[in-house]
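Quick note on labels: first sequence line is chain A, next is B, and so on, each numbered from 1. Computed from a prediction, not measured in an experiment: that's the story for all the values here.
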Amino acid sequence: MTVRTRFAPSPTGYMHIGGMRTALFNWLFARHHGGQFLLRIDDTDQQRNMEEALEPILNAFRWLGLNWDEGPEVGGPYAPYFQSQRTASYAAALGKLLSEGTAYRDFEPAEETRAQKEAADREKRQYVSSRASVNLTADEVKSKMSAGEPFVIRFLIPRDEKVVISDHVRGQVEWDCSLMPDPVIARNDGSPLYNFATVVDDAEFRITHVIRAEEHLSNTPIQVLLHKALGNRMPEWAHIPYVAAPGGKEKLSKRKIAAYRNNPQFQKLFELGDAVLGRIGLDPKSDSLSPVMVEYYRRVGFLPEGVLNALARLGWSLDDQTEILSLAKIVESFSLDRVIRSPAGLDPDKLISFQSYWMTQLPAADKLQACLSFLREAKLIDGDTEDVRQYVARVIELAADRLRVFGDIFQLDEFFVDDSCLRYDEKNFQKRVVNPEAAIDLMRAVRKQFSECDDFKAPVLHDLVHAFVTERTIKAGELFPAIRLCVTGKAQGADLFCTLEILGKDRVLGRIDRSLGRAESARG
RNA sequence: GGCCCUAUCGUCUAGCUAGGUCUAGGACAUCGGAUUUUCAUUCCGGUAACGGGGGUUCAAAUCCCCCUAGGGUCACCA
């Protein structure tokens with residue numbers, strides 16, 4: 001029997017990074033076993049704009065390269081894959097349960113049910129359903145229905161049973177049914193609720209392994225019972241730990257972003273966004289895009305390889321050594337029994353470290369392509385001429401491993417802004433250009449040498465500046481930072497002479513002039 | 001609170017199923033040192049963990065029990 005797994009997102013308008021990890025494990029398990037991975041849209045409770053809410057989720061899968069064999073857009077033998085379009089299946093299953101007496105129409109008013117629950121809580125006893133409606137005769141049910149009395153459909157829990165599952169991650173887990181209230185499986189209008197729709201669909205889609213986050217563990221006994229009542233073939237279960245917030249054990253949640261900003265472990269991720277998102281016209285402080293979402297990583301300039309590697313290593317490991325894994329390698333070696341049982345906090349440091357590694361592995365041409373689109377989006381370049389491409393390629397080469405994510409290209413904005421728009425690190429400009437007595441005269445002398453240099457190349461400039469330093473018997477430390485500050489506005493950066501070469505003589509001279517002007521007026 | 005789950009360096013984890021070779025391994029982070037005109041990289045080195053208490057055993061991170069702590073879930077959401 002071929003393995004079939006599924007991921008069943010509800011269309012919420014964004015893809016949660018933890019959900020992505022769950023989806024990844026499903027995808028990996030299916031691919032490892034040569035089976036199928038499908039996407040089902042759990043939209044039983046959605047009134048919102050479907051397309052708008054689904055697209056970001058599909059995009060996340062596409063970006064990471066996790067294809068689905070059946071589901072939205074690709075269809076499949078068990079179509080449709082939207083729960084909102086599968087009402088006939090639910091109606092049929094409902095009819096079966098009702099006629100066999102394993103489900104019943106519950107006419108008890110909601111307030112009454114709630115009151116019973118509260119009373120049970122108060123008296124510290126376990127609440128179970130009153131089942132007042134179970135004893136209604138067929139005629140009574142009929143007359144109540146025709147009188148328009150509201151009801152819900154509940155599944156009749158077999159109270160004398162125990163449910164035992166053998167979970168691929170957790171081993172044997174069991175529940176005592178006598179403690180379980182009868183769950184509502186459908187509303188008045190016949191629309192199904194999660195636990196019921198999931199069971200019907202998992203069976204119809206021939207899902208063999210239900211791999212989902214641990215928070216669903218408590219839903220499992222109900223689903224097992226439902227499968228049994230429906231006469232389904234039981235899927236196997238694997239409850240993987242959820243993804244926790246960095247450094248903690250609490251479930252990563254979109255609603256807690258404000259608090260995460262103050263989480264020191266989370267800081268690095270927010271810093272990336274703060275540095276990058278504003279450049280491409282997105283509000284870095286807006287909660288509509290945060291490190292909880294897959295989209296965030298794409299926009300900041302992560303590589304699918306980096307994110308995938310980090311996600312795969314969250315709660316799963318190959319052995320005691322291997323950290324760097326390509327998707328192909330993960331597919332090859334993935335297994336459920338190497339999934340850890342306790343929740344794993346997202347590890348920003350490690351994520352960035354994986355990302356940096358995969359960035360170094362990326363072919364120059366791909367790096368260029370991506371940086372071009374980031375720069376264009378930030379309006380730091382326009383056009384796509386060969387000149388622009390070559391120029392950007394040189395900057396990327398210079399940046400070398402400073403480029404961890406594509407957004408880091410913005411840290412080298414001195415290569416792209418107009419001389420007049422160059423921004424200065426004021427504190428260091430003061431310290432190295434304005435304050436030192438000799439700095440301005442030194443810079444003037446260097447400027448003169450630069451202007452007389454006909455071969456404005458890094459090695460030439462290197463020799464030139466070193467000769468200058470030796471001749472004047474000054475320390476490199478007196479001059480180098482001043483040159484850098486004057487030309488780039490920054491206190492540190494990539495190789496100084498290559499920087500000068502790429503900028504070119506004209507811009508270098510122009511920027512020195514401008515900087516010297518600033519320095520003089522600062523001295524008063 | 002009920003039910004359920006979990007517990008190894010700061011973090012992600014290996015080791016636990018078949019107890020000894022674990023004076024507990026790796027990675028990230030961190031701290032030193034070397035390289036570098038700065039930053040980054042790279043290379044060396046260091047600090048750092050079996051939650052507690054009982055058992056079982058010649059021997060326990062590994063098996064059993066209790067405690068403690070953390071977490072998930074308790075919807076006519078998914």
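Rounded to an integer number of Å, the gap from CZ of A:Arg255 to C1' of B:C77 is 11 Å. Taking atom CG of residue A:Leu193 and atom C1' of nucleotide B:C74, one finds them 15 Å apart after rounding to whole Å. Between the P atom of B:G71 and the NE2 atom of A:His239 lies a distance of 21 Å, rounded to the nearest Å. Here the P atom of nucleotide B:C76 and the CG atom of A:Asp182 are 12 Å apart, to the nearest Å. Whole-Å rounding puts the A:Asn428 CG to B:C39 C1' distance at 12 Å. Going from atom CZ of A:Phe480 over to atom C1' of B:C39 covers 14 Å, rounded to whole Å. Rounded to an integer number of Å, the gap from OH of A:Tyr242 to C1' of B:C12 is 16 Å. Look at CG on A:Leu485: it is 14 Å from C1' on B:U37, rounded to the nearest Å.
A cation-pi arrangement is absent between A:Arg432 and A:Phe429, since the terminal nitrogen or guanidinium carbon is not both under 6.0 Å from the aromatic centre and inside a 45° cone about the axis. A:Tyr14 carries A:Lys254 over the face of its six-membered ring, with the cationic atom under 6.0 Å from the centre and within 45° of the normal. No cation-pi contact links A:Arg154 to A:Tyr104, judged by a cut-off of 6.0 Å to the six-membered ring centre and 45° from its axis.
In this structure, A:Arg170 reaches the sugar-phosphate backbone alone: every heavy-atom distance under 4.0 Å involves primed, P, OP1 or OP2 atoms, never a base. Here A:Val152 lies in heavy-atom contact (under 4.0 Å) with a base. A:Ala399 comes within 4.0 angstrom of nothing in the nucleic acid, heavy atoms only. At a threshold of 4.0 angstrom between heavy atoms, the contacts of A:Leu496 include nucleobase atoms, whether or not backbone atoms are also involved. Residue-level contact check: A:Gly477 touches neither bases nor backbone, having no heavy atom under 4.0 Å from any strand. Counting any heavy atom pair closer than 4.0 Å across all strands shown, A:Val173 reaches sugar-phosphate atoms only and no base atom.
Defined by atom type and a distance below 3.5 Å, a donor-acceptor pair is missing between the side-chain atoms of A:Thr322 and A:Arg313. A donor-acceptor pair shorter than 3.5 Å can be found between the side chains of A:Ser515 and A:Tyr424. Inspection of the A:Asp167 and A:Gln172 side chains reveals no N or O donor paired with an N or O acceptor under 3.5 Å. Side-chain polar atoms of A:Gln116 and A:Glu112 form a donor-acceptor pair below 3.5 angstrom.
Pair assignment for B:C16: none, as no Watson-Crick or G-U wobble contacts are both less than 3.5 Å. B:G1: Watson-Crick or G-U partner is B:C74, with both key distances under 3.5 Å. Under the Watson-Crick or G-U wobble criterion, with both distances below 3.5 Å, B:A60 has no partner in any strand shown. With a cut-off of 3.5 Å on both Watson-Crick or G-U wobble distances, the partner of B:U6 is given as B:A69. When both distances must be under 3.5 Å, the Watson-Crick or G-U wobble mate of B:U36 does not exist. Across the strands present, B:G45 finds its partner in B:C31; the criterion is a Watson-Crick or G-U wobble pair with both atom distances under 3.5 angstrom.
Here A:Phe410 and A:Phe416 keep their ring centres 6.0 angstrom or further from each other. Ring centroid separation for the pair A:His168 and A:His239 does not come in under the 6.0 Å cut-off. Here the two rings, on A:Phe480 and A:His466, have centers that are under 6.0 Å apart.
Sorted by residue number, the members of residues 336-360 of chain A with any non-hydrogen atom under 4.0 Å from RNA chain B read A:Arg338, A:Ile340, A:Arg341, A:Ser342, A:Ala344, A:Gly345, A:Asp347, A:Asp349, A:Lys350, A:Ser353. Of the residues in residues 118-132 of chain A, A:Gln126 come within less than 4.0 Å of RNA chain B through at least one heavy atom, sorted by number. For RNA chain B, the neighbouring residues in residues 214-221 of chain A, judged by any heavy atom under 4.0 Å, are A:Glu214, A:Glu215, A:His216, A:Leu217, A:Ser218, A:Asn219.
Comparing B:U41, B:G10, B:G70 by their nearest atom to the side chain of A:Lys249 picks out B:G70. Side chain of A:Arg402, nearest nucleotide from B:G71, B:C39, B:U13: B:C39. The side chain of A:Arg484 lies closest to B:U38 when the candidates are B:U38, B:C12, B:G72. Of the candidates B:C4, B:U37, B:A78, the closest approach to any side-chain atom of A:Ser10 belongs to B:A78. The side chain of A:Gln265 sits closest to B:U11 out of B:U11, B:C76, B:U38. Checking B:A40, B:C4, B:U73 against the side-chain heavy atoms of A:Lys251 singles out B:U73 as nearest.
Of the possible polar contacts, one joining the A:Ser129 side chain to the A:Asp182 backbone as a donor-acceptor pair under 3.5 Å is found.
Here the separation of B:C65 from B:U56, taken at their C1' atoms, is 11 Å to the nearest Å. Taking atom P on both nucleotides, B:C4 is separated from B:G10 by 32 Å, rounded to a whole Å. Rounded to whole Å, the separation between the C1' atoms of B:A7 and B:U11 comes to 15 Å. Distance noted for atom P between B:G26 and B:A48: 14 Å (whole Å). Taking atom C1' in both B:C28 and B:C67, one finds a spacing of 34 Å when rounded to whole Å. A distance of about 47 Å separates the P atoms of B:C44 and B:G55, rounded to the whole Å. Between B:U30 and B:A40, the two P atoms lie 10 Å apart (nearest whole Å). For the C1' atoms, the distance linking B:A69 with B:G52 amounts to 10 Å, nearest Å.
A:Thr44 has a side-chain polar atom (N or O) that falls below the 4.0 Å cut-off from OP1 or OP2 of B:A78. In this structure, A:Lys117 reaches the B:A75 phosphate: one of its side-chain N or O atoms is under 4.0 Å from OP1 or OP2.
In plain terms, the two heavy atoms of A:Arg404 and A:Met359 that are nearest each other are O-CE, 3.4 Å. Between A:Tyr260 and A:Ser253, the closest heavy-atom pair is OH-N, 2.9 Å.
In this structure, A:Arg261 pairs ionically with A:Asp274, as a charged nitrogen and a carboxylate oxygen lie closer than 4.0 Å. A salt bridge links A:Glu501 to A:Arg394: one of the charged nitrogens lies within less than 4.0 Å of a carboxylate oxygen. Looking at A:Asp202 and A:Arg40, a side-chain N of the basic residue comes within less than 4.0 Å of a carboxylate O on the acidic one, giving a salt bridge.
For B:G26, the base has a donor-acceptor partner in the side chain of A:Glu323 [N/O atoms by modelled type, under 3.5 angstrom].
Each of A:Ala110 and A:Gln321 was matched to the nucleotide of RNA chain B holding its nearest heavy atom; the match closer to the 5' end belongs to A:Gln321. Residue whose closest nucleotide on RNA chain B sits further toward the 5' end, between A:Pro192 and A:Ala494: A:Ala494.
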